[in-house]
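Shown next, in structure tokens, is the structure this report addresses.
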Amino acid sequence: MATTEQDSIATTATALLAQSPIAELRRLRVDEKADKLQLSGQVRSFYHKQLAQETVRSVAGDMQLINRVDVCSS
């Protein structure tokens, strides 16, 4: 089933972020809808935003990845 497969991808992506040595990445959220993965949350640098995106992309396969992570320098 596609839904189970996508749930598995979101779960796997979340688990990868949870293993990051960067605390901000461990607090990000990965949601799936249809053929899309959405990454959301907040980090303090564009580097961390990109790092999170590439971490999730490694398991996204053919799914569209939407990066809604906000960069806040405070």
According to side-chain hydrogen bond (donor to acceptor under 3.5 Å, both in side chains), who are the partners of [X], at least two apart in sequence or on a separate chain?
X: Gln38; result: Arg68
X: Arg26; result: none
X: Gln50; result: Glu54

[X]: what forms a side chain to side chain contact (heavy atoms under 4.5 Å, CB included) with it, not counting sequence neighbours?
X: Ala13; answer: Val30, Val56, Val59
X: Asp31; answer: Arg29, Ser40
X: Gln64; answer: Lys36, Ile66

Which atom of [X] lies closest to which atom of [Y], heavy atoms considered:
X: Gly41; Y: Leu28; result: CA-CD2, 3.6 Å
X: Lys49; Y: Val43; result: N-CG2, 3.8 Å
X: Met63; Y: Ile9; result: SD-CD1, 3.7 Å

Applying side-chain contact (heavy atoms from CB on, under 4.5 Å), run through Ser20 and Thr55 and close with a yes or a no.
-> CA-CA 9 Å; Ser20 174; Thr55 298; over 6 Å; no
Can you list the steps and then say if Asn67 with Gln53 is a side chain to side chain donor-acceptor pair (under 3.5 Å)?
-> CA-CA 7 Å; Asn67 189 341; Gln53 176 177 303; 2.9 Å; yes
Drop me the distance from Leu17's CG to Arg27's CZ, to the nearest 0.5 angstrom.
-> 12.0 Å
When rounded to the nearest 0.5 Å, the distance separating CG of Leu51 from CD of Glu24 is 10.5 Å
Given side-chain contact (heavy atoms from CB on, under 4.5 Å), test His48 with Leu25 step by step and report yes or no.
-> CA-CA 7 Å; His48 288 158; Leu25 271 58; 3.9 Å; yes
